[in-house]
Each structure stands twice: as structure tokens, then as C-alpha cells.
Amino acid sequence: MVADSSPRDLVARARGSAMVRETLTSVIERALEEARQAGELPVAQLPPVELDVPPSNQFGDFSSNVALVLARQVGAPPRDVAQRIASHLVTNGGLLQRVDVAGPGFLNFYLKPTWLHDVVPEICLQGDDYGRCNIGQGQLLQVEFVSANPTGPLSVPHGRGAAIGDVLARILSWVGYETRREFYINDAGGQVARFGESVEACYLQLLGDTETKVPDDGYQGDYVRDLARQILAREGDRLRDLPADERLETFTRLARDAMLAQQRETLARFGVHFDIWFSESELHYTGQIDEVIRVLLENGNAYESEGAIWLRSTAFGDDGDRPLVRGNGQPTYIAADLAYHLNKHRRGFQRVIDIWGPDHHGYIARTKAGIQALGIPADWLEILIFQHVSLRKDGEVVAGSKRLGNIVLLDEVIDEVGKDAARFFFLMRGANSPLEFDLDLAKQEALENPVYYVQYAHARMGSILREAAERCVVLPDPAQTDLSPLQHESELALLRHLAELPEEIRQAAILREPHRLTRYGQELAACFHAFYRDCRVLGEVPEIVAARLCLVLACRVALRNVLTILGVSAPERM
RNA sequence: GCGCCCGUAGCUCAGCGGAUCAGAGCAUCUGACUUCGGAUCAGAGGGUCGGGGGUUCGAGUCCCUCCGGGCGCGCCA
């Protein structure tokens with residue numbers, strides 16, 4: 001049952017599959033360079049080498065379209081170019097077994113068959129770290145998301161933003177960034193004051209005041225009255241007799257704190273924890289907003305007109321100049337936001353990603369213009385917009401409109417479908433696509449539900465390993481086990497998927513697309529279920545039992561890592 | 001009017017730095033349990049990738065245009 005492994009082979013194995021792409025890429029790059037020096041590729045600059053996994057393994061383990069990309073520059077038919085490259089590829093003694101030129105000019109690479117088997121011990125060796133890499137090189141990076149006004153509970157769209165931000169942050173830390181999650185509390189503007197005013201009015205009404213009404217542009221929901229009741233229960237009627245401005249200030253503060261606490265609690269049960277809660281009002285009272293305005297006036301990127309101060313955002317590609325300070329002397333939201341981003345920049349973040357809802361896309365141009373006006377490069381800040389969320393319930397689509405007052409709360413969704421399903425569903429679509437969240441499906445404890453499908457695969461892995469223990473089968477050491485019995489098509493397909501995890505994570509990070517991992521999880525689960533059907537683990541001859549148990553161990557590591565990144569639990573039993 | 005997003009199978013959506021890209025899940029139909037969890041799996045039907053131009057040897061994929069849907073365009077945050 002022990003492999004034919006000399007120590008040297010084991011070393012080679014341990015370096016194994018995560019480096020397969022890198023190794024192959026450098027082999028190709030070397031061939032390109034040699035071909036160029038031989039005068040066969042007369043181009044100034046060689047393109048980056050892209051490796052794809054072909055749709056069918058009859059096209060090899062990996063393929064590349066470099067020849068197709070180069071053909072025009074070289075001025076030769078793609079297949080000829082491919083042939084020239086292929087002739088410089090070194091195949092002897094290495095990873096690479098064979099290269100084909102196929103179709104219009106693809107290079108198809110066939111690797112030594114053992115490369116897939118080498119994946120298993122490597123995964124088991126790396127364990128919780130399988131899938132990590134270091135393209136971020138420890139750069140300090142911030143993801144800012146949710147950042148709701150503290151004037152109400154979090155709703156469904158906040159949930160989508162929270163899931164995207166949280167998982168993107170985790171993905172980025174997996175690829176080597178030093179990542180911080182930050183929540184910007186918009187607690188300084190007129191909205192918060194109006195909210196305080198609304199709560200204050202309810203409070204006074206509870207004390208029998210029939211004169212005071214909630215302002216028309218105030219907040220009307222039941223939660224406002226609930227909050228007033230809580231304050232009444234805790235503080236009694238003593239707030240009634242405070243001087244008017246002090247009373248409003250008090251209610252604004254109490255209301256803000258209460259909503260913030262509630263939002264924080266909702267996020268916690270959603271599995272989202274922020275490193276920093278940054279208060280907008282801090283920017284006001286520390287003079288950072290005044291400073292930004294002064295700087296912009298001094299460097300000529302702001303000017304006074306019509307009694308207001310304007311950001312010259314048109315100088316940086318925006319459609320119009322934007323007010324920074326109103327006629328009444330109050331700074332606008334943008335002024336605060338620019339001060340905030342300058343603050344982030346000063347805190348040393350090498351890159352910042354803001355995740356905004358669809359209603360904010362109009363602010364991208366002015367914000368980017370603003371930071372440039374402050375001397376910060378436009379690409380230092382990335383703004384990711386996610387699209388609208390609708391809910392499907394009992395076959396009907398629920399609008400979730402704020403205007404109609406029927407907003408659905410994130411808490412309600414978590415209550416109904418649970419944290420795991422909620423997170424998973426929010427991440428099933430690309431941020432650019434509108435998302436229809438099917439509550440009925442998310443709630444089902446059945447195979448149709450993708451979350452259960454994936455989690456069930458994990459539970460099934462656990463079940464096999466438990467059953468093995470029941471039967472007193474000793475768990476094999478993957479590094480010492482001959483894995484060559486893994487030859488069934490289902491086993492090979494599973495191995496290929498396992499080998500791709502690091503690349504999937506890398507792509508999800510580079511493209512800022514967390515939804516790739518929910519899809520990957522579904523694919524991996526599907527591969528595992530197919531393997532389970534085709535290949536019995538226990539009760540076979542010992543060599544096969546050992547090899548397949550190793551495969552199961554590796555699958556469990558990979559799937560658990562995916563679920564960990566998604567913030568979805570990986571149950572041993574269901 | 002301007003801007004952003006979307007339009008791919010009956011439904012919800014992947015694929016969009018061109019080729020090896022016509023895909024997944026659900027729904028529908030048909031099959032598979034003395035055995036590690038059938039909460040599973042296999043198979044089938046189903047799409048001129050919104051329309052039309054263009055670039056290209058080659059276009060869901062890039063460009064233009066039109067149509068349809070969603071959302072934004074305050075000295076609100």
C-alpha cells in the first residue's frame with residue numbers, strides 16, 4: 001500500500017500541483033524566448049502566457065492560446081506559430097509529457113499522469129492553507145462595505161453588500177493581502193438629526209404630547225416607536241424637560257447608538273465582523289473636513305461661487321462641478337467623503353475597495369475626481385457596485401421597495417433561511433447581475449437547494465471517514481500511499497477540480513468576484529457525488545481503500561476551505 | 001435628456017482579456033437502492049446567446065446602433 005517513493009520523489013511531490021501551473025508557464029515562457037532568439041518569433045514583446053483547462057481532457061490537461069495571440073504580430077498562420085513554439089518546448093524528464101498543436105492553433109499540454117495524484121498529498125499537507133498564495137505580498141488593503149446610515153435596521157441589499165465585502169476581504173487575505181474590513185458610520189448629516197427628531201417626537205407622544213408630530217421628511221417605521229418606548233422605559237420622562245437643542249442632541253445620540261448596536265448585532269449573526277467602525281462625525285470635530293476644503297481651495301481644485309464652495313471635479317473627468325460647502329456653511333456629504341478617503345490614504349492603505357449599492361453609481365466619477373484633486377491616484381480607489389436584489393417567496397417576487405415601506409430586513413431573511421443559506425445565496429450571482437433571492441428554495445432542506453447540496457457533500461465525506469473508523473480501517477498517510485489506483489474517470493475529474501482550487505481563488509481575488517467560489521463549491525460537490533456513486537471506498541481491496549480514503553481526505557480539506565472562505569459552515573453531519 | 005447595470009434553455013443565472021463556449025441549477029420526462037447517508041446519481045427534451053451593422057481567418061465575448069427591462073441623475077446621506 002506504500003508508494004514507490006524514494007525521499008527525492010516525496011520532495012518532488014510535496015512541491016506538487018499548486019506549482020504545476022507556474023512550472024508549466026515558465027516552461028512555455030522559456031520556449032517562447034528561445035523561439036524568439038532563434039528568429040522564429042519576430043516580435044518586440046512576448047505576451048503573457050495564459051493557461052486554460054480545456055473543456056474535455058482529450059485536449060490535454062492544460063492549453064494555451066499564445067500562438068493565436070501572436071499570429072498576427074508574427075505574420076504567420078497560428079498553427080505554424082504554435083508549431084514553432086512547440087519545437088522549443090522541453091519535454092524530457094519533466095512534468096510535461098506531450099504537446100499537441102490542435103484546432104486553429106492551440107497548444108495542448110499533456111502532463112505526466114502522476115501529476116494529478118501528486119495533488120492529494122499536497123492538499124493534505126497544506127490543510128487549512130491549501131489554496132493560499134502570496135500575490136498580495138502583504139500589501140495593506142482595505143475593504144469598506146455596508147456603511148449604512150444609523151437610521152434604521154439593515155435590509156436585504158445591505159446583506160448582499162455584507163456578503164460580497166466579507167468574502168472578498170477573506171479571498172484577498174488568502175492571496176496574501178493584509179486586509180482590513182471597515183464600516184463607515186454616516187452619523188453626522190441631516191438624516192441622523194432627522195432620525196433623532198423622529199424618535200424624540202414619538203417619545204413625547206408617548207408622554208401624552210399631542211402637539212408634536214413626526215416630521216414629514218422624518219422616519220415613520222414601527223422601529224422608531226419601539227426605540228422611543230425603549231428610551232422611555234430606560235430614561236423615564238426626564239428627557240422631556242431638557243432644553244430643546246440639548247434634548248434633540250440627546251435623542252439623536254441615543255437613536256444613533258441604538259441603531260448602530262442593532263446593525264452590529266445583525267452583522268454578527270450574519271458572520272460579518274469589522275476591524276474598524278469609522279465615524280463620520282469624527283471627521284467633523286477633528287477638523288479633517290475643514291482641512292480638505294482648505295487644501296482644495298489652496299491647490300486650485302475648489303472655488304467659491306454663489307455663496308457655496310465647489311469641487312472642480314470637471315477637471316478630473318466628472319460631468320459637473322460638485323458642491324463641497326453649502327450656502328449655509330455646512331459641508332456636503334462629498335466633503336466628508338473626501339476627508340474620509342484622505343484619512344484612509346494617510347492610514348497607509350496601499351489600495352482601497354469600496355463596495356456600494358446600485359443607487360450610488362452616480363458618485364463614482366465625483367469621488368474619483370475628488371481623490372485625484374487631493375493628489376491621490378485614481379486607481380488607488382476601486383469602487384465595486386453591486387446590483388439590485390429582489391426576493392421570491394411563494395412563487396411571487398417581492399419588490400422590497402423602501403418607498404412602499406415594505407422593505408425586508410436582513411434579520412428576517414436570516415431568521416427564515418439561516419445564516420449559511422443567506423450568505424450562499426447572496427453570493428451565487430456576479431455583483432453586476434441583479435439577484436433574485438428565492439427564499440423558498442433557500443429554506444428547503446433538500447437536494448434542490450445548492451447550499452444543502454454542497455454542505456451535504458461535506459457531511460458525506462465525514463460520514464465515509466466515520467464509517468471507516470467504525471470498521472477499524474486505519475486512515476492512511478497520503479504522503480506514504482500509492483495513489484495510482486485512482487484511475488476511474490470520476491476520480492480523475494475530482495482530482496482535476498481539486499487541483500484548480502488555488503487558481504480559482506486567485507482569479508476570484510484578481511477579478512474581485514467572490515461568486516466564483518460558490519460556483520466552484522457546487523462543481524466540486526457535484527464531482528464528489530459522482531465519485532461516490534461510481535467508486536465505492538470501503539470494502540474494496542486495501543490498496544484501493546487507502547487511495548480513495550486519501551482522496552476523500554483531500555476533498556474534505558478543499559471543500560472545507562471553500563466553505564470557510566464563504567463563511568458557510570461545513571457540517572460533519574446534517 | 002444624460003449615466004450605470006442587465007437581455008444566453010420554460011424560470012433563475014454562469015460563461016464575456018475572441019477559438020477547445022452553447023453551459024449550470026431549478027422545472028419537466030425517464031431510469032438507478034440487500035452495499036460507505038437515495039438529502040444522491042444517470043439519461044432526455046429544450047436556446048438562430050434581444051435585433052441589425054462593423055472589426056477579424058474566427059464574435060454571447062470587442063466596436064457602433066436600435067429595441068426592451070432595472071436603477072440612478074438635490075447645496076440628502
Side-chain angles (χ1 to χ4, degrees), chain A residues 47-48 50 52-56 58-60 63 65 68-69 71-72 77-78 102-106 108 147-149 151 186-192 194 217 280 306-310 319-320 322-334 336-337 357-365 385-388 390 392 395 428-438 441 444-450 452-453 455-457 459-468 470-471 473 511 515-516 518-519 522-523 526 528-530 532-540 545 548-549 552 573-574:
Chain A
E50 297 294 330
D52 290 318
V53 177
S56 159
Q58 65 173 328
F59 296 123
S63 72
N65 66 349
L68 293 153
V69 173
R72 187 155 317 153
F106 286 99
N108 287 343
S147 299
N149 291 351
T151 56
N186 294 124
D187 59 353
Q191 294 301 326
V192 201
R194 215 155 298 135
D217 58 352
E280 180 191 348
E306 305 167 45
I309 298 178
W310 299 76
D319 294 335
R322 310 292 171 180
L324 289 169
V325 180
R326 302 173 185 126
N328 65 8
Q330 289 297 307
T332 63
Y333 172 77
I334 304 166
D337 214 36
D359 50 337
H360 283 68
H361 78 254
Y363 291 78
I364 297 175
I385 299 281
F386 62 88
Q387 298 299 320
H388 171 259
S390 57
R392 176 180 287 273
M428 283 202 304
R429 307 294 176 225
N432 275 342
S433 288
L435 169 70
E436 190 173 300
F437 191 130
D438 189 333
L441 182 60
Q444 280 185 50
E445 305 198 355
L447 55 125
E448 300 93 324
N449 184 343
Y452 276 78
Y453 183 83
Q455 289 183 315
Y456 178 62
R460 192 173 236 183
M461 294 164 195
S463 163
I464 293 172
L465 297 172
R466 279 195 303 277
E467 180 64 21
E470 286 277 315
R471 299 187 188 187
V473 176
L511 299 170
H515 76 278
R516 285 171 172 266
T518 52
R519 299 194 76 80
Q522 291 180 85
E523 285 170 15
F528 181 77
H529 290 310
Y532 178 88
R533 167 183 46 89
D534 294 334
C535 305
R536 164 153 284 273
V537 177
L538 302 175
E540 302 287 334
V545 171
R548 288 184 176 161
L549 279 174
V552 173
R573 310 184 142 81
M574 292 171 71

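Order of the sequence lines fixes the chain letters, A, B, ..., with proteins taken first and strands second; residue numbering starts at 1 for each chain.
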Is A/Arg326 near enough to B/C76 that one of its side-chain N or O atoms lies under 4.0 angstrom from OP1 or OP2?
yes
Scan A/Asn65 against the nucleic acid and name what it touches under 4.0 Å (heavy atoms): base, sugar-phosphate only, or nothing.
nothing
Counting side-chain heavy atoms from CB outward, which of B/U12, B/C5, B/C16 is closest to A/Arg516?
B/C16
Gap in Å between the two P atoms, one belonging to B/G51 and one to B/A59, rounded:
15 Å
OP1 or OP2 of B/G3 versus the side-chain N and O atoms of A/Tyr363: is any pair under 4.0 Å?
no
Between A/Thr332 and B/A77, does any side-chain N or O lie under 4.0 Å from OP1 or OP2?
no
Pick the closest RNA chain B nucleotide for A/Ala102 and for A/Gly189 by heavy atoms, then say which residue is nearer the 5' end.
A/Ala102
C1' spacing across the pair B/G47 / B/C66, given as an integer number of angstrom
23 Å
Between the main-chain N or O of A/Pro323 and the side-chain N or O of A/Thr332, is there a donor-acceptor pair closer than 3.5 Å?
yes
Could you check how far CD of A/Glu467 sits from C1' of B/U35, rounded to whole Å?
10 Å
Length of the line joining A/Ile334:CD1 and B/G74:P, which is rounded to integer Å
10 Å
State whether the side chain of A/Asn449 and the backbone N or O of A/Leu441 hold a donor-acceptor pair below 3.5 Å, judged by distance alone.
yes
Between B/G31 and B/G68, how far apart are the two P atoms, rounded to whole Å?
47 Å
In the structure shown, which nucleotide is the Watson-Crick or G-U wobble counterpart of B/A19, with both distances under 3.5 Å?
none
Starting at the 5' end of RNA chain B, which residue's closest nucleotide do you reach first, A/Val69 or A/Pro331?
A/Val69
Which pair of non-hydrogen atoms, one from A/Arg548 and one from A/Val537, has the smallest distance, and what is that distance?
CB-CG1, 4.0 Å
Tell which nucleotide pairs with B/G58, taking only Watson-Crick or G-U wobble pairs whose two distances are both under 3.5 angstrom.
none
Mind checking A/Ser433 for me? I need base, sugar-phosphate or nothing, with any heavy atom below 4.0 Å counting as a touch.
sugar-phosphate
Heavy atoms under 4.0 Å, any strand shown: does A/Pro434 hit a base, just sugar-phosphate, or nothing?
sugar-phosphate
Give the rounded distance in Å between these two atoms: CG of A/Asn449 and P of B/G25.
15 Å
Should the side chain of A/His360 and the base of B/G72 be counted as holding a donor-acceptor pair, with the cut-off at 3.5 Å?
no
Can you tell which of B/G38, B/U20, B/C36 lies closest to the side chain of A/Phe106?
B/U20
Specify the separation, in whole Å, of atom CD of A/Glu436 and atom C1' of B/G10.
14 Å
Looking at every non-hydrogen atom in both residues, tell me the closest pair between A/Ala457 and A/Phe528 and how far apart they are.
O-CE2, 3.9 Å
Given B/A19, B/G3, B/G70, which nucleotide is nearest the side-chain atoms of A/Gln387?
B/G70
Euclidean distance, atom CG of residue A/Asp319 to atom P of B/G72 [Å, nearest integer]:
18 Å
Provide the distance between the two C1' atoms, one in B/G45 and one in B/C5, to the nearest whole Å.
33 Å
B/G1 and B/G46: how far apart are their P atoms, nearest whole angstrom?
42 Å
As its Watson-Crick or G-U partner within any shown strand, both distances under 3.5 Å, B/G72 has B/C2
Where the chi angle of B/G60 falls, syn if within 90° of 0 and anti if not:
syn
Could you tell me if the side chain of A/Arg429 sits less than 4.5 Å from the side chain of A/Gln387, heavy atoms only?
no
Provide the closest heavy-atom pair for A/Gly189 versus A/Glu280 in the form atom of the first, atom of the second, distance.
N-OE1, 4.4 Å
Under a 3.5 Å cut-off for both distances, is B/A24 Watson-Crick or wobble paired, and to whom?
B/U12
Which nucleotide in B/C4, B/U35, B/U20 has an atom nearest any side-chain atom of A/Asn108:
B/U20
Look at all strands and tell whether A/Glu470 reaches a base, only sugar-phosphate, or nothing, counting heavy atoms closer than 4.0 Å.
nothing
From the options B/C36, B/U20, B/C6, select the nucleotide whose nearest atom is closest to the side chain of A/Tyr532.
B/C36
Cation-pi check for A/Tyr532 against A/Arg460: NZ or CZ below 6.0 Å from the six-membered ring centre and within 45 degrees of the axis, yes or no?
yes
For A/Ile385 and A/Gly357 the tightest heavy-atom approach is CD1-O, 3.7 Å
Between B/C13 atom P and A/Arg519 atom CZ, what is the distance in whole Å?
12 Å
For A/Gly430, report the nucleic acid contact type (base, sugar-phosphate, nothing); a contact means any heavy atom under 4.0 Å.
sugar-phosphate
Of B/C11, B/G38, B/U20, the nucleotide closest to the side chain of A/Tyr456 is B/G38
Could you tell me how the ring of A/Tyr456 sits relative to the ring of A/His529: parallel (under 30°), tilted (30 to 60°) or perpendicular (over 60°)?
parallel
Could you state the OH-P distance from A/Tyr333 to B/C73, rounded to the nearest angstrom?
13 Å
My understanding is that a pair needs two contacts under 3.5 Å, Watson-Crick or G-U wobble. By that rule, which nucleotide pairs with B/C36?
none
When both hydrogen-bonding distances must be under 3.5 Å and the geometry is Watson-Crick or G-U wobble, what is B/G7 paired with, if anything?
B/C67
Would you mind telling me which of B/A77, B/U12, B/C71 lies closest to the side-chain atoms of A/Arg392?
B/U12
If you only use heavy atoms from C-beta on, which nucleotide in B/C75, B/U20, B/U35 is closest to the side chain of A/Ala308?
B/C75
Go through B/A14, B/A77, B/A19 for me and flag the one nearest to the A/Leu68 side chain.
B/A19
In terms of side-chain heavy atoms of A/Arg536, which of B/C6, B/C75, B/U35 is nearest?
B/U35
Quick one: closest heavy-atom pair of A/Ala468 and A/Leu538, and the distance?
N-CD1, 3.7 Å
For A/Arg460 and B/G38, is the shortest distance between a side-chain N/O and OP1 or OP2 below 4.0 Å?
yes
Using a cut-off of less than 4.0 Å, is there contact between a side-chain N or O of A/His515 and OP1 or OP2 of B/G15?
yes
Have a look at A/Arg471 and say if it touches a base, only the backbone sugar-phosphate, or nothing, with a 4.0 Å heavy-atom cut-off.
sugar-phosphate
Measure from CG on A/Asn149 to C1' on B/C76 and round the result to the nearest Å.
9 Å
What interatomic distance, in whole Å, is found between P of B/C13 and the corresponding atom of B/G7?
9 Å
Under 4.0 Å, counting only non-hydrogen atoms across every strand here, what does A/Glu50 touch: a base, just sugar-phosphate, or nothing?
base
Spacing of the P atoms in B/C62 and B/A24 (rounded, Å)
23 Å
Considering only the P atoms, how many Å lie between B/C49 and B/C73, rounded to the nearest integer?
36 Å
